[in-house]
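Let me begin by presenting the structure, written as structure tokens, before commenting on it.
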Amino acid sequence: MNMEEMLAQAQKAAETIQKQMSDAQAKLDEIEVEGSSGGGLVKVRATARGRIVGVAIDDSLMKPEEKQMLEDLVTAAFNDARDRADRVSGQEMDKIQQGAGLPAGFKLPGM
């Protein structure tokens with residue numbers, strides 16, 4: 001195989017990986033995770049890319065004297081949703097990388 005053929009194959013492989021990564025990013029926008037806190041009194045739904053799509057707060061927390069606790073629970077639920085989104089995103093990226101023949105743990109630029 002000459003150098004031109006090798007470069008053409010490398011370019012084709014790069015294009016394939018780029019398309020797979022683009023497809024994976026789109027899929028991550030469709031996967032939803034839910035984070036919660038306070039035993040489920042506060043729930044946050046997010047995409048696997050971390051976009052928040054919904055917040056649910058139990059009516060029992062809607063008291064002025066519970067404001068600080070509610071704020072803390074919302075923060076905790078957001079963080080739980082973000083952690084879950086990161087895990088799902090990492091799993092999906094690992095699947096793509098394995099399918100592309102890349103070594104485990106290989107980090108593509110921008111991912």
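Throughout, residue positions are numbered sequentially from 1 according to the sequence presented. FYI, side chains are in, hydrogens and waters are out, and symmetry mates aren't considered; it's all heavy atoms of this structure.
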### Task
Sorted by first residue and then second, give each salt bridge (charged side-chain N to carboxylate O under 4.0 Å, His left out) pair with at least one member in residues 13-22; sequence neighbours left out.
Lys19-Asp23

#### Entry: Sequence neighbours excluded, every pair satisfying salt bridge (charged side-chain N to carboxylate O under 4.0 Å, His left out) that has a member inside residues 66-77
Lys67-Glu71

Same cluster or not: [X] versus [Y], using hydrophobic residues (I, L, V, M, F, W, Y) connected whenever any side-chain heavy atoms lie under 4.5 Å apart?
X: Met69; Y: Val42; answer: yes
X: Val44; Y: Leu70; answer: yes
X: Ile52; Y: Val88; answer: no
X: Val33; Y: Val74; answer: no

#### Entry: side chain to side chain donor-acceptor pair (under 3.5 Å): pairs with one or both residues in residues 51-65, sequence neighbours excluded
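Every pair satisfying side chain to side chain donor-acceptor pair (under 3.5 Å) with a residue in residues 51-65: Asp58-Ser60.
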
#### Entry: Between CG on residue Leu61 and CG on residue Leu73, distance to nearest 0.5 Å
6.0 Å

### Query
From Asp29 CG over to Ser89 OG, what is the distance, rounded to the nearest 0.5 angstrom?
10.0 Å

### Full working for side chain to side chain contact (heavy atoms under 4.5 Å, CB included) between Leu41 and Ile57
CA-CA 6 Å; Leu41 294 175; Ile57 300 171; over 6 Å; no

### Message
Please find the pair of heavy atoms, one from Arg82 and one from Ala48, that lie closest to each other, and give the distance.
### Response
NH2-O, 4.5 Å

### Query
Checking side chain to side chain contact (heavy atoms under 4.5 Å, CB included) for the pair Glu32/Val53: CA distance, chi angles, key distance, verdict?
CA-CA 9 Å; Glu32 284 191 16; Val53 295; 3.9 Å; yes

### Query
Is the CD atom of Glu5 crowded by more than 12 outside heavy atoms at less than 6.0 Å?
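Yes - once you tally the heavy atoms of other residues, nucleotides and ligands closer than 6.0 Å, there are more than 12.
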
### Query
Thinking salt bridges, do Glu34 and Arg45 make one under a 4.0 Å N-O criterion?
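Salt bridge flag = no for Arg45 with Glu34.
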
### Message
Taking the basic N atoms (NZ, or NE/NH1/NH2) and the acidic carboxylate oxygens, is any pair closer than 4.0 Å for Arg84 and Asp80?
### Response
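Asp80 and Arg84: salt-bridged.
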
### Message
Do Ile31 and Glu92 make a side-chain contact, defined as non-hydrogen atoms from C-beta onward lying under 4.5 Å apart?
### Response
yes

